[in-house]
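Here the structure comes first, spelled out in structure tokens, and everything after it is commentary.
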Amino acid sequence: MRTTAKRGFVVLLLVVAVTVGLSILGIRFVTNGEKWATLRANEHLNENGSFIAAGNIVDRNGELLAHTENEKRIYNDSERIRRSTLHIVGDTEGYISSGVQTAYKTSLTGYNPVTGIYSLKKYGRGNDVVLTIDSQVSAVAYDKLDGRKGIVAAYNYKTGELICSVSSPDYDIENKPSAEEIEKNKNGKYEGVYLNRLIDGLYTPGSTFKIITTASALENISNINEFTYTCKGEIVIDGVKVTCPRAHGKMNFEECFANSCNGAYAELSKLLGKEKLSATAKEFGFGETFRFGNSQTKASVFDLSGASVSDTAWASVGQYDTLVNPYHMLTVAGAVANNGEAVLPYTVDSIKTPAGYVVEKGTTESRTYISPEVANQVKAMMRNNVETNYGDYNFKGLSMCGKTGTAEVSDDKKPHSWFVGFSDNEKCPVAIVVVVENGGWGSSQALPVASATMEAIYKSLA
Amino acid sequence: MDAFITLMTSGARYLMLGIVLYVVIRMLLSLFFKKTTDPVRGKLVNTITDEEIFLYDRETSIGRNKKCDLVLPFDTVSRLHAVLAYRNRGFVIFDTFSKSGVSVNGEKIDKKARIHHGDVIDIGGLEYTLHEARYKFIKDRSSLLARPSYGIVLILIGLFNICSMLLNLSVDGEIQPQILLTYLGFIAVQWLYFLFATFVLRIHNFELEMIGFAFTSVGLAIVGSIYPGAVLKQFLAVVIGVVGFGVMVIIMRNIDTLKSMRWALAGASVLILGATLVIAETTNGAKNWISLGGISIQPSELVKIAFIFAGAVTLEKLQSIKSLTLYIIFATICVGELFLMYDFGTALIFFFTFIVIAFMRSGDVKTLSLVCGVAAVGAVAILILKPYVASRFSTYLHVWEFMDEGGYQQTRTLIYSASGGLFGLGLGNGELRNVFAASEDLVFGVVCEEFGLIMGFTVPMVYCAIAVWAIINAHKTKSTFYAIAGVGAIAMMLFQSMLSIFGITDLLPLTGVTLPFVSKGGSSIISCFCLLAYIKSIDMRTFANFRPKLDAEEGGEAQ
């Protein structure tokens, strides 16, 4: 009897096997539960492959940008607002991968390991999102961009709140063009339409790069304020011509920057040498990717490892192989404005449950690019640019500082038109970057967009 | 009405989970810490040395073999000489084909003899006097817990079913009468069984039944929610199951009647499975369903009951048979027939149960290793010869790569189980219910999604706990028959739960197995209740108040 009964202990092996299996399963639910529950195959969250579970998405002023009604996603009534916020809000199919509706999908479902997606079932919607974006400002920028490809982005350089980010080309999400149509025009009017150029764009910076070269000169050349240069329209460096649009004549350092004289910067690049210029670019965050919410930016490129003296001269004026990401350029402007410290832009202010409990708060970090002294000298020179060159009438009341750029891209295309700047007005601590792709002159194409956008921001903050 | 439903779904999920947790935990505590009395039925006293041997167990094997309960290391004693059993309130000695035989009061016995207080037994020249205990109980282990109030437990389970009823009551605004009938009927069945068992069978322990009722309630809630039209059928199967449980308990009370039924049931198992093989039509790739007068049944489920019965034996029989050969042949035929039906899940369950029972009977590791080896070779051969069988396993561990093909059921189970969180989305709020075989093979996922992961994990954990309880209490039963049947039955249920849960969560490569008590399926629920009777036979309280009529041969000495 005892022997037979004792043999029953063999079943303990099965008990152990089941216990181990259940433990593995339990651990998997803890570690993978969120990933599994938020998959596109989950029909609690998706309808015909579209993510419908997100709650309300509102801008900084409470304007409703997107919400779900009867298992369908509804966007803002205004087409201008829908288009101007397209890349920030994103789509429900996941094509715009950096859009909030895709990049923050997990947070938007309201999933948590304790109650699963119960709050979604209870309230009929997932978590709500408050953005830092101002949709009215975005619409103004969108109008001003007027269908041209490019990016308009502005942010508060003290807090990091992204106020406006309009990426073009775009489409109206309520009347989305067919996949075939987008495919057919993927090199034309829908070129990179799913990309948010703020983080995915990489452009030749042209003269806006002179901000970095200027900072490098201030850091490395001791008697830079005694520097003078006489521009004759061109200069030969190492057998290669570096040209200016016109002969600027004799200038001091500040005037060289204000006139954006290529010859003068070519001369400076020779004084600096490529190591020092590269070192400054590195300090400014070239070669790094930045975290933008749950997405990553492209890294700006400044690589002089194989560059000749003339290549370095061209690189110092933002040509050669130099490429800049607009998000990065925004932080450069922010750093100059903010004593050398770049507060990184973010756009998700908070994510709340339908009951109002905040589950995620937008965070930022800051980076020190340059010393306050250098920053303030560059700032003064950028202020001088606007005062003497671009005109304060374009930025009334803003104490605007700025630099335009006209970036040559290839022989058969018009240059990219840039404006990088910021307001030095305490009441409007905002930096802006505008790129109009193949727009032409920076001062004639990008500047008016920046002017109108800054005006709208100034009004909204007043 | 909408507001009421909202309140019900949000509140009911906690209430329903709470009820099940309370019931199973209270019942398990009661099982493990029950107030037990270990009776010593008597003692043997050596007539020369006055050595005393207390008879703690209901069956005591005697022989030279070290595995015997009473080892007599003398050449005159056979290795497996005799079995002394306490049957029907008196001692019986069985001669298990010993060489020198067994004598009682100097007279050689033929196979078995009733012995009484003061009788002298001669085993291989050693003489013992039997002393029957004058007192019944010498040890009284006090319980940590008072006996549970089964009335309250039944009221709670009733409340669970009322919740199910209210949640499932209307479909498109129409009240469903079969829903009313099912849940109220189920409550009535529980009470009727409780009263019948208390007053007629004089059973006073109901832990296993209450756990069975609680899990059945979970299953019925899901069936009523997904298939309101099929719920009455499921309920009728539950009624048959509960009746079957009662009948099994009654049959098993009398150990003497069991022995004669084993061969009949073994033959019936082989024949029923054989007949199924001939007349069944292929459903979902397996040939395991037959239709009798409009009712579909799955004979393999019912054969499970007979399979265990045929494998369990009393100690004197066990000691007389000595060889496993016949049992191996029987099991091979059954498993083979299931294989031919392509019902691999059930075949595996039968095979595993066979291994457990055969091991308990013989302890013969060598033979059983050989059997497992042959089975493994056979399984590999089939996978090679019939590649489409192997294709069933192709997505194993790769379900996420085949989300919309072979891994559909598994990935959806994981997705929706995770969606439910710990407390579930509430009955009726799930999505997994729309996937094929949701209330059968995938029922673990449906439970997790709608009742929560806690509820889902509770089911297999409770089976584990019952298995542990059965193992440590197996030696206290009246006979090895109950020990083998009870441990075999819970092993079968636990193994089946493992295949079911781990199969659909991609921990094991097999799907298509139901979860005991919870899955939809009439044959399955009947079989579960009947298997539960075996497990209950391990509980020494089950037959404690059974007073068999003593026949003339055994003397009318009823107390």
Side-chain angles (χ1 to χ4, degrees), chain A residues 1-47 49 52-53 71 106 109-124 126 355, chain B residues 6 10 57-61 67-69 315 318 352 356 359-361 363 403-404 411-412 414-426 429 431 434 449 452-453 457 460-461 463-464 467-468 470-471 474-477 479-480 483-484 487 490-491 494-495 497-498 501-502 505 507-508:
Chain A
M1 179 89 212
R2 296 258 159 175
T3 311
T4 306
K6 222 182 283 169
R7 289 185 191 131
F9 275 82
V10 72
V11 177
L12 268 187
L13 292 176
L14 177 66
V15 173
V16 170
V18 173
T19 311
V20 169
L22 287 176
S23 308
I24 293 173
L25 193 58
I27 291 168
R28 286 192 184 168
F29 274 121
V30 172
T31 55
N32 295 349
E34 177 167 299
K35 191 178 91 193
W36 291 341
T38 52
L39 282 171
R40 197 163 290 280
N42 188 338
E43 293 187 17
H44 288 298
L45 317 176
N46 299 281
E47 185 78 15
I52 51 149
E71 308 206 319
T106 312
T109 59
Y111 171 87
N112 71 62
V114 177
T115 60
I117 54 152
Y118 183 70
S119 85
L120 176 70
K121 284 278 137 186
K122 186 175 174 189
Y123 296 99
Chain B
T6 314
S10 55
D57 298 330
R58 301 292 191 101
E59 289 177 332
T60 307
S61 55
K67 285 175 185 166
C68 289
D69 298 313
L315 189 58
L318 192 58
F352 176 83
V356 169
F359 181 76
M360 286 187 74
R361 284 173 57 157
M403 271 182 75
D404 294 322
T411 51
R412 295 322 185 267
L414 292 171
I415 287 171
Y416 292 123
S417 298
S419 298
L422 297 183
F423 306 109
L425 302 178
N429 290 339
E431 285 283 350
N434 302 323
E449 187 188 16
L453 289 171
F457 277 64
M461 279 159 61
Y463 292 147
C464 280
V468 170
I471 294 163
H475 68 92
K476 294 180 193 160
T477 60
S479 165
T480 51
I484 293 171
V487 173
I490 186 63
L494 184 57
F495 186 75
S497 308
M498 180 175 86
I501 294 171
F502 296 168
T505 52
L507 288 178
L508 287 175

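Chain letters run A, B, ... following the sequence lines, proteins first, then strands; residues in each count from 1.
For B:Y463, no part lies near chain A; criterion is any non-hydrogen pair under 4.5 Å. For B:S417, the parts lying under 4.5 angstrom from a heavy atom of chain A are both the backbone and the side chain. For chain A, no part of B:I490 is nearby; none of its heavy atoms comes within less than 4.5 Å. Only the side chain of B:F502 comes within contact range of chain A, judged by heavy atoms closer than 4.5 Å. Looking at B:S479, only its backbone comes within 4.5 Å of chain A, counting heavy atoms on both sides. Proximity to chain A is limited to the side chain of B:L315, based on heavy atoms less than 4.5 angstrom apart. Interface remark: B:F495 contributes backbone and side-chain atoms alike to the contact with chain A (heavy atom separation under 4.5 Å). Contact annotation for B:L507: only side-chain heavy atoms (C-beta onward) come within less than 4.5 Å of a heavy atom of chain A.
No donor-acceptor distance shorter than 3.5 angstrom exists from the side chain of B:S419 to the backbone of A:G116, with no hydrogens or angles considered. A donor-acceptor pair under 3.5 Å is formed between the side chain of A:N46 and the backbone N or O of A:N42.
Taken to the nearest 0.5 Å, the CZ atom of B:R412 stands 12.0 Å off from the CD atom of B:E449. Note that the CD atom of B:E431 and the CG atom of A:L45 stand 9.0 Å from one another [nearest 0.5 Å]. Between the OG1 atom in A:T109 and the CD1 atom in A:I52 there is a gap of 12.0 Å [rounded to 0.5 Å]. Going from atom OG1 of A:T4 over to atom NZ of B:K67 covers 10.0 Å, rounded to the nearest 0.5 Å. In this structure, CZ in B:F457 is found 8.0 Å from CD1 in B:I501, a value given to the nearest 0.5 Å.
Among A:A17, A:A5, A:G33, the residue with the largest count of heavy-atom pairs under 4.5 Å with chain B is A:A5. Put simply, of B:D404, B:T60, B:L453, the one with the most heavy-atom pairs under 4.5 Å next to chain A is B:L453. Between chain A and the residues B:V356, B:V487, B:T480, the largest count of heavy-atom pairs under 4.5 Å involves B:T480. Comparing B:L508, B:N434, B:L414, B:T505 by heavy-atom pairs within less than 4.5 Å of chain A, the highest count is held by B:L414. Put simply, of B:A418, B:G452, B:A474, the one with the most heavy-atom pairs under 4.5 Å next to chain A is B:A418. In terms of heavy-atom pairs under 4.5 angstrom with chain A, the leader among B:Y416, B:F352, B:F423 is B:Y416. Top candidate by heavy-atom pairs under 4.5 Å with chain B, chosen from A:V114, A:V15, A:T3, is A:V114.
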Listing, residues 6-14 of chain A side-chain donor-acceptor contacts under 3.5 Å, not counting sequence neighbours, or none:
unit_1	atom_1	unit_2	atom_2	d
A:R7	NH1	B:M360	O	2.9
A:R7	NH1	B:R361	O	3.2
A:R7	NH2	B:S362	O	3.4

Would you be so kind as to tabulate the donor-acceptor pairs closer than 3.5 Å made by side chains of residues 20-29 of chain A, with sequence neighbours excluded?
unit_1	atom_1	unit_2	atom_2	d
A:S23	OG	A:T19	O	2.7

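Within 6.0 Å of the CE atom in B:M403, the count of heavy atoms belonging to other residues, nucleotides or ligands exceeds 12.
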